[in-house]
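Predicted model, so just to flag it, every value in this text is computed and none were measured. Sequence lines set the chain letters: A, B, ... in the order given, protein chains first and strands last, and positions in each chain run from 1.
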Number of protein chains: 2
Amino acid sequence: MDERFRLDNQLCFRLYTASRLITQAYHPLLSEYGLTYPQYLVLLVLWEKDGQPVNDIAKRLLLETNTVTPLLKRMEAEGIVTRSKGREDARQIIVKLTRKGRGLQEKLLNVPETVARGILCDRVTPETIPGLYGMLDDIIGKLKGD
Amino acid sequence: MDERFRLDNQLCFRLYTASRLITQAYHPLLSEYGLTYPQYLVLLVLWEKDGQPVNDIAKRLLLETNTVTPLLKRMEAEGIVTRSKGREDARQIIVKLTRKGRGLQEKLLNVPETVARGILCDRVTPETIPGLYGMLDDIIGKLKGD
DNA sequence: TGTGTTTATATCGTTCACGATGCAAATTTA
DNA sequence: TAAATTTGCATCGTGAACGATATAAACACA
C-alpha cells in the first residue's frame, strides 16, 4: 500500500469530515427555525450589512451565484429576506432582511457558543484556535487565488 | 453588531470553505478520469482493503449508506467497482475493485502530492501540518461521538 | 450611435449529503 | 420454533455545490 494514498494522511479528508460533522452539529439548532447551515451563513452576512446584491453575498461566502440564487429564493419563500431589483443598476438583485429575518438573530444568540462548546477539547482550546484559524486562512487564501 | 456572529469568528465557516476549495483543487485532476472527490475517497478505502461491504466503507468515511449506495452504483456503472451479495451474510453487498479500478491507482499517483503542494504556505508546512491534523482529529473525534 | 464586451443574475443537469422511511435477512428472545 | 428486534442496504425527497450555458443590463470604444 502506497503511503501517500493512505486515507489517514489526507488533509482534505479531515477538513471534509470536520466540516460535515460541524454542519451536523448546527442542524438541530437551526432546523428548529427552518434554517439550513448555508442559509445561516447568509444571515450572518446580512446581519453584518443588510441590503446587499447577490454578488456581494456570494463573494463573501466564496460561493457562486448559481449556488446562492436558489438558496436566496428559498429564504424569500420562507419570508426571511426580500429580493428586489437594484435602483442604480437594474442587473442587480438587492437582498434585504425582513422583520422575521432580523428577528432570527436574537433567537439564535446562543448558537455560536453552543457549537463552540461542542468542539473544544484537548488540542482545540481558546489558546490553540487562533493558530488553527491562521492555518485555515492560509489555505483558503492560497486556494481562492485572487 | 454582535461579535459572536461575525463570519470571521466562525471556525465552521473556515472549515467549510477550506474543504470546498480543496475539493475544487482535486477536481481537474480527478475529472480527467471521470472521478468525483467522494468517489476518489472510496477508491482510497478500497485500495487499502479490497472487497469491503457497503457498511464498512461508509463507516470509514463517516458517511451514511444512503450517501454511499448511489455513489457506488455510479462507480459500478463506470466499471470501477463490482457489487455482489455477501456469501455468509446475504444482507451485505461486497464492493470489489475491477481491473480498471485498481489501474486508476497508478494513474493518480501524483494527485496527493500535487494537491499537497498547492496547499503549503507560510503557516502550513511539513512542521505545522501534524498539529493541524491533531486538532482536526480532536474535533472529528469529539463530534462523531461514539 | 452602434456594436462588441463585460457584468449580474439565473437556468439546467449531475452529484453529493442526509433525514425519514422501507424491506428483507439475521439475530435474539420468549 | 414463532415472534420481536436488530442490522444492512436501499428508496425517496430536499437542499446544497458547481460546471456549463443563457439573458439582459451596463459599459467601452470605434
Against the side chain of A/Arg74, the closest entry in C/dA10, D/dA16, C/dA17 is D/dA16
Could you give the CG-to-C1' distance, from B/Leu35 to C/dT15, as a whole number of Å?
13 Å
Is it true that a side-chain atom of A/Glu48 and a backbone atom of A/Leu44 form a donor plus acceptor pair closer than 3.5 Å?
no
Side-chain N or O of B/Thr69 closer than 4.0 Å to phosphate OP1/OP2 of D/dA10
yes
Please report, rounded to the nearest Å, how far the P atom of D/dC9 is from the CG atom of B/Asp89.
8 Å
Please classify the nucleic acid contact of A/Pro53 as base, sugar-phosphate, or nothing, using heavy-atom distances under 4.0 Å.
sugar-phosphate
Using only atom types and a distance under 3.5 Å, with no angle test, would you say the side chain of B/Thr65 pairs donor to acceptor with the backbone of B/Val68?
no
Tell me the interatomic distance from B/Gln92, atom CD, to D/dC9, atom P, rounded to whole angstroms.
5 Å
Would you mind classifying the nucleic acid contact of B/Asn66 as base, sugar-phosphate or nothing, using non-hydrogen atoms under 4.0 angstrom?
base
Measuring to OP1 and OP2 of D/dA17, would you say a side-chain N or O of B/Tyr37 lies under 4.0 angstrom away?
no
Ionic contact status for B/Arg123 with A/Asp138, cut-off 4.0 Å
yes
OP1, OP2 of C/dC16 versus side-chain N and O of A/Tyr16: anything below 4.0 Å?
no
Let me spell it out: for each of A/Glu78 and B/Pro70, pick the nucleotide of DNA chain D with the closest heavy atom. Which residue's pick is nearer the 5' end?
B/Pro70
Earlier contact from the 5' end, DNA chain C, for A/Ile93 and B/Arg87
A/Ile93
A/Tyr26 OH - C/dC18 P separation (whole Å)
16 Å
If you compare every side-chain N and O of B/Arg91 against the phosphate oxygens of C/dC23 (OP1, OP2), does one of them come in below 4.0 Å?
no
B/Arg14 charged N/C atom sitting above B/Tyr16 aromatic ring, 6.0 Å / 45°:
no
Among the nucleotides C/dT9, C/dA17, D/dA25, whichever has the atom closest to the side chain of A/Arg20 is C/dA17
Interatomic distance, B/Leu72 CG vs D/dA10 P [rounded to whole Å]
8 Å
Just compare D/dC18, D/dA10, C/dA25 and give me whichever is closest to any side-chain atom of A/Leu63.
D/dC18
Atom CZ of A/Phe13 and atom C1' of C/dC16: how far apart are they, to the nearest Å?
15 Å
Does the pair A/Arg60/B/Asp8 count as a salt bridge with the N-to-O cut at 4.0 Å?
yes
Is the distance from OP1 or OP2 of D/dT11 to the nearest side-chain N or O of B/Lys73 less than 4.0 Å?
yes
Quick one: is B/Thr36 getting a side-chain N or O under 4.0 Å of the C/dT15 phosphate, OP1 or OP2?
no
Nearest-nucleotide 5' precedence on DNA chain D, B/Val54 against B/Leu21
B/Val54
Residues A/Arg117 and A/Glu113 bridged, charged N to O under 4.0 Å
yes
Taking any heavy-atom pair under 4.0 Å as a contact, classify A/Lys85: base, sugar-phosphate, or nothing.
nothing
Euclidean distance, atom NE2 of residue A/His27 to atom P of D/dA16 [Å, nearest integer]:
10 Å
Please report, rounded to the nearest Å, how far the P atom of D/dC12 is from the CD atom of B/Glu64.
19 Å
Respond yes when some side-chain nitrogen or oxygen of A/Gln39 is under 4.0 Å from OP1 or OP2 of D/dA16, and no when none is.
yes
